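This report concerns only the one structure given below.
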Amino acid sequence: MRKATIEEGKICPNCKKQENQIKIGYNRSGTQRCRCKDCGIRYTIDPKKHEYPEETKKLAMKMYYSGVSGRGVGKILGMNKANVYNWIKKTKS
Ligand SMILES: [Zn+2]
């Protein structure tokens, strides 16, 4: 399947239309909700995987290796501790 450029990821999962997609707010986790004017279904836009900048990663590692726990690092940087542990695993290998 060819990958089309989708603006803001607004595409109807049902009829695959990109036109007439209206924003109807956000759900609890802050995901954008949309409605297709054509077929009327509601859907949420998958948020792009949160990519952290290299500096944040470096900072996290620095903190970790200076004695802060993975959990602590996550707390300080406001991210999931699983994320931090992932980085640690990657840098160790
Ligand atoms: Zn539709």
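All ligand and atom numbering here is 1-based and tracks the order in the structure. Below, each value reflects all heavy atoms present in this structure, side chains not excepted, and no hydrogens, waters or symmetry copies. Note that the structure is a prediction, hence the values are computed from the model and not measured.
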Non-neighbouring partners of Lys17 that pass salt bridge (Lys or Arg N to Asp or Glu O under 4.0 Å), sequence neighbours left out: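 So Lys17 forms a salt bridge (Lys or Arg N to Asp or Glu O under 4.0 Å) with Asp38.
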Gln32 and Tyr43 side chains, donor-acceptor separation under 3.5 Å: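 Side chains of Tyr43 and Gln32: no pair found under 3.5 Å.
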Side chain to side chain contact (heavy atoms under 4.5 Å, CB included) between Arg42 and Cys34, intermediate numbers included: CA-CA 6 Å; Arg42 288 165 194 202; Cys34 289; over 6 Å; no
Side chain to side chain contact (heavy atoms under 4.5 Å, CB included) evaluation trace for Arg35 with Ile41: CA-CA 6 Å; Arg35 193 167 76 90; Ile41 69 149; over 6 Å; no
Check: Trp87 main-chain N/O paired with Thr91 side-chain donor or acceptor under 3.5 Å: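 Side chain of Thr91 to backbone of Trp87, a donor-acceptor pair under 3.5 Å: yes, one is there.
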Contact check, side chains of Thr31 and Tyr26, non-hydrogen atoms, under 4.5 Å: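 Not touching, per the 4.5 Å side-chain cut-off.
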Under-2.8 Å neighbours of the Zn ion (ligand 1), protein N/O/S atoms only: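 Protein N, O or S neighbours of the Zn ion (ligand 1) under 2.8 Å, waters not counted, come to 4.
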